[in-house]
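Below: one structure, written as structure tokens.
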2 protein chains.
Amino acid sequence: MIPSQMLKGTLEGCILAIISKQETYGYGIVEQLAEYGFGKIAEGTIYPLLLRLEKNKMITARYKQSEIGPKRKYYSLTFLGMEELQNFTVNYIKLSQAVSNLLDDMKGDAVDE
Amino acid sequence: MIPSQMLKGTLEGCILAIISKQETYGYGIVEQLAEYGFGKIAEGTIYPLLLRLEKNKMITARYKQSEIGPKRKYYSLTFLGMEELQNFTVNYIKLSQAVSNLLDDMKGDAVDE
DNA sequence: AGCAACTACCTTGCAATACAATATAGAATA
DNA sequence: TATTCTATATTGTATTGCAAGGTAGTTGCT
């Protein structure tokens with residue numbers, strides 16, 4: 001799947017994005033990430049990340065009963081989290097464009113331009 | 001600029017891409033990255049990365065005189081390096097599409113779909 | 001000659017983070 | 001009872017970008 005090193009920094013922003021769409025919980029985020037095409041992201045990745053985001057006041061949590069298992073810890077974005085998500089988006093697009101520039105240039109065999 | 005965590009994993013592939021276009025050297029790579037929109041990447045990032053790639057047989061080096069300064073260490077891709085670049089490209093596109101899926105979904109305020 | 005600025009390379013140590021491995025536990029099912 | 005799925009959490013490790021520092025050649029200015 002996608003190499004872990006390539007996810008660094010990106011994953012955090014993506015989780016903010018997922019939470020911004022709708023209040024959700026760790027286990028559910030793992031499932032959503034897989035649906036979006038990130039592959040199976042380990043729970044040992046997600047839970048520490050969520051705790052970190054919570055500690056940094058990017059998200060807040062509340063427990064809710066589930067009908068099919070143990071109770072779930074649902075997260076929502078704080079204002080700080082929304083700002084951070086905005087920030088992530090801008091930076092991601094910046095990087096994404098830089099890489100596109102490079103890869104396009106490469107495909108074009110741009111030796112003499 | 002682009003957060004350092006977001007460059008992890010990506011930078012290595014990008015440097016392979018730059019070298020694949022044309023034999024080049026560390027200091028020149030720093031300049032090219034800036035032109036492509038990556039911002040000023042520290043030399044303390046590039047040189048260890050190049051040494052690592054060389055040790056892993058992704059690139060090979062030879063020294064050439066420069067007319068304007070100390071002699072330069074020019075790098076080219078090995079076959080292994082080309083494979084690795086191919087690999088990077090595939091994985092980058094995979095990630096890039098996953099993030100796009102997510103960000104588009106978010107912009108669309110997809111609460112009820 | 002002396003000095004600054006640019007070019008060019010390298011090393012050390014640190015910080016951030018994805019993840020494997022492991023642990024815990026409730027609920028459903030066989 | 002045992003297993004599987006759901007669900008959260010912790011510990012330790014590996015990777016890697018980068019700040020900080022060092023070395024050295026070349027050029028141009030004074």
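Naming convention: chains lettered A, B, ... in sequence-line order (proteins, then strands); numbering from 1 in each chain.
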Reading DNA chain D 5' to 3', which nucleotide is the first, and which the last, to come under 4.0 Å of any heavy atom in chain A? D:dT6 to D:dT16
Short of 4.0 Å, heavy atom to strand atom, which residues of residues 80-100 of chain A count as contacting DNA chain D? none
Check the distance between C:dA8's C1' and B:Lys73's NZ and give it to me in whole angstrom. 12 Å
Working to the nearest 0.5 Å, report the span between OH of B:Tyr36 and CG of A:Asp104. 9.5 Å
Looking at CG of B:Leu50 and OG1 of B:Thr45, how far apart are the two atoms once the value is rounded to the nearest 0.5 Å? 10.5 Å
Interatomic spacing from CE in A:Met58 to OG in A:Ser76 - rounded to 0.5 Å: 15.0 Å
Give a yes/no on whether any side-chain N or O of B:Tyr47 is located under 4.0 angstrom from OP1 or OP2 of C:dT11. no
Nearest non-hydrogen partners of A:Leu85 and A:Gly13, listed with the distance: CD1-O, 3.8 Å
Rounded to whole Å, how long is the line connecting atom CD1 of B:Ile46 with atom C1' of C:dC9? 13 Å
Residues in salt bridge (Lys or Arg N to Asp or Glu O under 4.0 Å) with A:Glu84, at least two apart? none
With sequence neighbours left out, which residue pairs that include part of residues 2-18 of chain A fulfil the salt bridge (charged side-chain N to carboxylate O under 4.0 Å, His left out) condition? A:Glu12-A:Arg52
Restricting to ring pair (Phe, Tyr, Trp, His ring centres under 6.0 Å), what partner residues turn up for A:Tyr74, sequence neighbours left out? A:Tyr25
When you measure from the side chain of B:Asn91 to the backbone of B:Asn87, do you find a donor-acceptor pair of N or O atoms at a distance under 3.5 Å? yes
Strictly below 4.0 Å, heavy-atom distances to any atom of DNA chain D: list the hits from residues 49-59 of chain A, or just say none. A:Leu51
Categorize B:Tyr74 for me: base, sugar-phosphate, or nothing, with a 4.0 angstrom heavy-atom threshold over every strand shown. nothing
Identify, with sequence neighbours excluded, every residue that meets side-chain hydrogen bond (donor to acceptor under 3.5 Å, both in side chains) alongside B:Glu54. B:Lys73
Under the salt bridge (charged side-chain N to carboxylate O under 4.0 Å, His left out) definition, can you give me all pairs with a residue in residues 55-66 of chain B, not counting sequence neighbours? B:Glu23-B:Arg62, B:Glu23-B:Lys64
Mind running a 4.0 Å heavy-atom check of residues 5-15 of chain B against DNA chain C and sending the residues that fall below it, in number order? B:Gln5, B:Lys8
Nucleotide by nucleotide, 5' to 3', does protein get under 4.0 Å of the base (B), only the sugar-phosphate (S), or neither (-) in nucleotides 20-30 of chain C, counting heavy atoms? BB---BBSS--
Sorted by first residue and then second, give each salt bridge (charged side-chain N to carboxylate O under 4.0 Å, His left out) pair with at least one member in residues 34-47 of chain A; sequence neighbours left out. A:Lys40-A:Glu43
Distance, nearest 0.5 Å, that separates CG of A:Leu51 from CG of A:Asn56: 11.0 Å
About how many Å separate OG of B:Ser96 and CD1 of A:Ile2, when rounded to the nearest 0.5 Å? 9.5 Å
What's the shortest heavy-atom distance between B:Gly81 and B:Leu16, and which atoms? O-CD1, 4.1 Å
If each end axis of the helix from C:dA1-D:dT30 to C:dA30-D:dT1 is fitted on five C1' pair positions, the angle between them, to 10 degrees, is 10°
In this structure, CZ of B:Phe38 is separated from CG of A:Leu95 (nearest 0.5 Å) by 6.0 Å
Can you give me the closest heavy-atom contact between A:Cys14 and B:Leu102, atom names plus distance? O-CD2, 3.4 Å
How close do B:Gln65 and B:Lys71 get, heavy atom to heavy atom, and via which atoms? NE2-CD, 4.0 Å
Heavy-atom pair with the smallest gap, counting every atom of B:Gly26 and B:Ile46: O-CG2, 4.0 Å
